Amino acid sequence: MSPVDPPLRPSRGSPRRRVTELAPQASVDQVFLATHKQLRPNRNGQLYLQVELADRSGSITGRMWNASDEEFEAFDDGDYVRVEGMTQLYSGNLQLIIQAIGRVDPRGIDEAEFQVLSAAELARLKAELAAILATLAPGGLRELCDEVLGDGPLMEAFCRSPAGVKHHHAHAGGLLEHVVNLLRLADRVAPLYPAVDRDLLLVGVLFHDLGKTLELESERGFSYTDAGQLLGHVLLGLEQLEAKV
């Protein structure tokens, strides 16, 4: 599986097992979505490839010992890759020791196996987001939300981004799902606290993680951008808020 080879075909062997179905000491030959690839030195200074291998159920860390630059360059974050290897437990966590890895032609992939949220589910969440925010009273806060909803590139990133790289809602559309869940919660809880400004609370929910559209790379896998590492989503979100105001 060298970088000059054409994309591989998915394995035609036994049915694929989702990440959450993998057991220790299991032989693996199947397709994953690759993210967060790194070429790292071990204690002896020898390089190894580390990559997160994901499907719709979760992710597992894959490691290829004594990896070369060519093997590192053989695929990119966001590619589907066919992996041959063996699972093992290390410090209580399951990892996959990679024997071979290479890019797979995406035309042979059932992307539903790798998408936590379908296009239809994302469309419903986006519609619910707009519907909840439409209940705000006319005025500045409503206009502020309309500025966000009417910003095409921002909303594309908002609907594509995860809410986190490794923890909660770490999947495409996870940010939208997270914010809609919090809007539902805020909408139901607000009447129990008459002193709370419901509209301001809902706008706060919308903006609290908006900076993650800039903090996280979401077009090819999930990773932190330079701005995300240097500034973080809180400051980036405040800058977005200031611009929209």
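What you are looking at is a predicted structure, and each value in this text was computed from that prediction instead of being measured.
Side-chain atoms of Glu113 never come within 3.5 Å of backbone atoms of Asp110 as a donor-acceptor pair (strictly under, hydrogens ignored). Using modelled atom types, no side-chain atom of Asp29 and backbone atom of Glu84 make a donor-acceptor pair closer than 3.5 Å. A donor-acceptor pair under 3.5 Å links the side-chain atoms of Asn42 to the main chain of Gly45, judged by distance alone. Not a single donor-acceptor pair under 3.5 Å links the side chain of Glu73 to the backbone N or O of Glu70. Between the side chain of Asn44 and the backbone N or O of Gln46, no donor-acceptor pair lies under 3.5 Å.
Across every non-hydrogen atom of Ala67 and Glu71, the tightest pair is CA-OE1, 3.3 Å. Looking at every heavy atom in both residues, Leu201 comes nearest to Ala190 through CD2-CB, 4.2 Å. Of all heavy-atom pairs spanning Ala34 and Val51, the tightest one is CB-CG2, 3.9 Å. Of all heavy-atom pairs between Gly78 and Leu33, the closest is O-CD1, 3.5 Å. The two atoms that bring Ala137 and Asp199 nearest to each other are N-OD2, 3.0 Å, heavy atoms only.
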### Task
Test salt bridge (Lys or Arg N to Asp or Glu O under 4.0 Å) on Arg184 and Glu128 and set out the steps.
CA-CA 9 Å; Arg184 293 168 181 160; Glu128 185 175 356; 2.7 Å; yes

### Query
salt bridge (Lys or Arg N to Asp or Glu O under 4.0 Å) between Asp79 and Arg103: does it pass, once the steps are laid out?
CA-CA 6 Å; Asp79 280 342; Arg103 181 185 291 112; 2.8 Å; yes

### Query
Taking it one step at a time, do Leu96 and Val28 satisfy side chain to side chain contact (heavy atoms under 4.5 Å, CB included)?
CA-CA 8 Å; Leu96 178 55; Val28 173; 4.0 Å; yes

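Taking CG of Asp209 as the reference point, atom CG of Leu182 lies at 8.0 Å (rounded to 0.5 Å). Here the straight-line distance linking atom CG of Leu129 with atom CG of Leu133 works out to 5.0 Å at 0.5 Å rounding. Atoms CE and OG, from Met86 and Ser27 in turn, are 5.0 Å apart once rounded to the nearest 0.5 Å. Annotation: the span from Leu141 atom CG to Leu136 atom CG amounts to 6.5 Å, rounded to 0.5 Å.
Just one residue in the list Leu241, Leu230, Leu214 forms a side chain to side chain contact (heavy atoms under 4.5 Å, CB included) with Leu236, and that residue is Leu214.
Phe158 has its side chain within reach of Leu175: a pair of non-hydrogen atoms, C-beta onward, lies under 4.5 Å apart. Between Val245 and Leu144, some side-chain heavy-atom pair lies under the 4.5 Å cut-off. The shortest distance between side-chain heavy atoms of Leu185 and Asn181 does not fall below 4.5 Å. Ile101 is listed as a side-chain neighbour of Leu49, based on a closest heavy-atom distance under 4.5 Å. Two residues are said to be in side-chain contact when any heavy atoms from C-beta on lie closer than 4.5 Å; Val19 and Ser59 fail this criterion. Here the side chains of Met64 and Leu39 are not in contact, with every heavy-atom distance at 4.5 Å or above.
Using a 4.0 Å cut-off between charged nitrogen and carboxylate oxygen, Glu52 and Lys37 do not count as a salt-bridge pair. Between Asp187 and Arg198 a salt bridge is recorded (basic side-chain N to carboxylate O distance below 4.0 Å).
The closest side-chain donor-acceptor pair between Gln95 and Gln88 falls under 3.5 angstrom. A side-chain N or O of Thr213 and one of Gln240 form a donor-acceptor pair less than 3.5 Å apart. Using modelled atom types, one finds no donor on one side chain facing an acceptor on the other under 3.5 Å when comparing His208 with His233. Checking Gln50 against Thr61 by side-chain atom types alone, no donor-acceptor pair falls below 3.5 Å.
In this structure Glu111 satisfies the side chain to side chain contact (heavy atoms under 4.5 Å, CB included) test together with Tyr80, Ile109, Gln115, sequence neighbours excluded.
Under the 4.5 Å side-chain heavy-atom criterion for ILVMFWY residues, a single connected hydrophobic cluster contains both Leu22 and Leu89. The hydrophobic clustering, which links ILVMFWY residues whose side-chain heavy atoms are closer than 4.5 Å, places Phe207 and Leu200 together. Under the 4.5 Å side-chain heavy-atom criterion for grouping Ile, Leu, Val, Met, Phe, Trp and Tyr, Tyr48 is not connected to Leu94 through any hydrophobic cluster.
The number of heavy atoms from other shown groups lying within 6.0 Å of NZ (Lys126) does not exceed 12. Glu242 CD: 12 or fewer foreign heavy atoms inside a 6.0 Å radius.
Both the sub-6.0 Å distance and the 45° axial angle are not jointly satisfied by Arg82 relative to the ring of Phe32.
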